[in-house]
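Notes to accompany the following structure.
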Amino acid sequence: MTRWTPFVLLASLLMAACGDSPTAPDDTATTTTTVSPTVFEGTLDVKGARFYSFSVSQSGSLTAHLASLTLIGHREVLAVPVRLGVGVPKGEGCAVTEFVDASPALVTQLTTTLAAGIYCMNLSDIGALPDAAVFSIRFLHS
């Protein structure tokens, strides 16, 4: 027995395990598409509002949540309510049609159904912000 014999035997076993006939694709397989959330970040001034315009190519549901809200220069989450809404762009603002007053959370806070069109995500202070704050909103249309 030469020193190459174990390798030759191993290669033979591996080759024998491989079949010659190709397998047919599974007809019951489904394709899943993953939709990434859109993130809208910025600074919200006291008694101010910020909006982000986006397009929807087909009707479906929209879910959104205020992921974070912190005072500028601080790391602690600011647990005061602000208004999170969705609507249609109007002039230099957002005409909100549905909204929720919410504090930061990692759960869905706003859910609605949108038809194809142009919309805006809006965040506004409802009088609870003690100073300007940095925010992050995550929303998903599917």
Side-chain angles (χ1 to χ4, degrees), residues 3-142:
R3 67 181 200 168
W4 295 104
T5 304
F7 296 110
V8 171
L9 289 174
L10 180 59
S12 298
L13 287 173
L14 289 174
M15 297 290 282
C18 297
D20 291 351
S21 59
T23 58
D26 185 3
D27 290 340
T28 61
T30 59
T31 304
T32 346
T33 42
T34 305
V35 180
S36 298
T38 300
V39 178
F40 167 38
E41 299 176 320
T43 303
L44 181 62
D45 292 326
V46 173
K47 297 183 183 177
R50 296 286 308 268
F51 75 97
Y52 173 81
S53 294
F54 61 98
S55 296
V56 172
S57 60
Q58 61 185 4
S59 63
S61 67
L62 175 116
T63 58
H65 69 272
L66 177 63
S68 69
L69 182 68
T70 59
L71 291 176
I72 294 175
H74 294 82
R75 294 170 46 141
E76 302 83 26
V77 174
L78 188 58
V80 299
V82 291
R83 184 157 292 161
L84 175 63
V86 65
V88 291
K90 183 177 181 182
E92 293 183 15
C94 180
V96 175
T97 54
E98 294 195 38
F99 67 89
V100 63
D101 293 342
S103 298
L106 296 178
V107 296
T108 298
Q109 296 167 312
L110 178 66
T111 303
T112 190
T113 301
L114 301 176
I118 299 174
Y119 295 92
C120 51
M121 183 64 58
N122 191 79
L123 187 68
S124 58
D125 177 22
I126 57 173
L129 277 182
D131 206 349
V134 177
F135 67 88
S136 177
I137 298 170
R138 289 178 173 254
F139 63 99
L140 177 69
H141 179 263
S142 55

Least distance between heavy atoms, Ser124 atom then Leu44 atom: C-CD2, 4.0 Å

All side-chain contact (heavy atoms from CB on, under 4.5 Å) counterparts of Thr97, not counting sequence neighbours: none

Minimum side-chain heavy-atom gap Thr38-Phe54 below 4.5 Å: no

Non-hydrogen side-chain atoms of Ile126 and Phe99 separated by less than 4.5 Å: no

Counterpart residues, salt bridge (charged side-chain N to carboxylate O under 4.0 Å, His left out), relative to Asp131 (two or more places apart): none

Test side-chain hydrogen bond (donor to acceptor under 3.5 Å, both in side chains) applied to Glu41 - qualifying residues, sequence neighbours left out: none

Qualifying salt bridge (Lys or Arg N to Asp or Glu O under 4.0 Å) pairs, either residue in residues 94-120, two or more places apart: Arg83-Asp101

Interatomic distance, Tyr119 atom OH to Met121 atom CE [nearest 0.5 angstrom]: 12.0 Å

For Ile118 against Ser55, the heavy-atom pair lying closest together: CG1-OG, 3.9 Å

Any Leu129 side-chain heavy atom under 4.5 Å of Lys47 side chain: no

Let me have the donor-acceptor pairs involving side chains of residues 86-95, under 3.5 Å, with sequence neighbours excluded, atom names and distances please.
none

Value rounded to 0.5 Å, distance of CG in Leu140 from OG1 in Thr111: 10.5 Å

Contacts of type salt bridge (charged side-chain N to carboxylate O under 4.0 Å, His left out), residue Arg50, not counting sequence neighbours: none

Heavy-atom pair of closest approach, residues Ser59 and Ala115: CB-CA, 3.8 Å

Output side-chain donor-acceptor pairs under 3.5 Å for residues 60-76, partner residues at least two apart or in another chain, one line each.
residue, atom, partner, partner atom, Å
His74, ND1, Ile72, O, 3.3

Residue pairs involving residues 58-67 (criterion salt bridge (Lys or Arg N to Asp or Glu O under 4.0 Å); sequence neighbours excluded): none

Least distance between heavy atoms, Gln109 atom then Ser103 atom: NE2-O, 2.7 Å

Sequence-distant partners of Val77, side-chain contact (heavy atoms from CB on, under 4.5 Å), two or more places apart: Pro104

Separation of Thr108 OG1 from Arg138 CZ (nearest 0.5 Å): 12.0 Å

Which residues share a ring pair (Phe, Tyr, Trp, His ring centres under 6.0 Å) with Phe135, sequence neighbours left out: Phe40

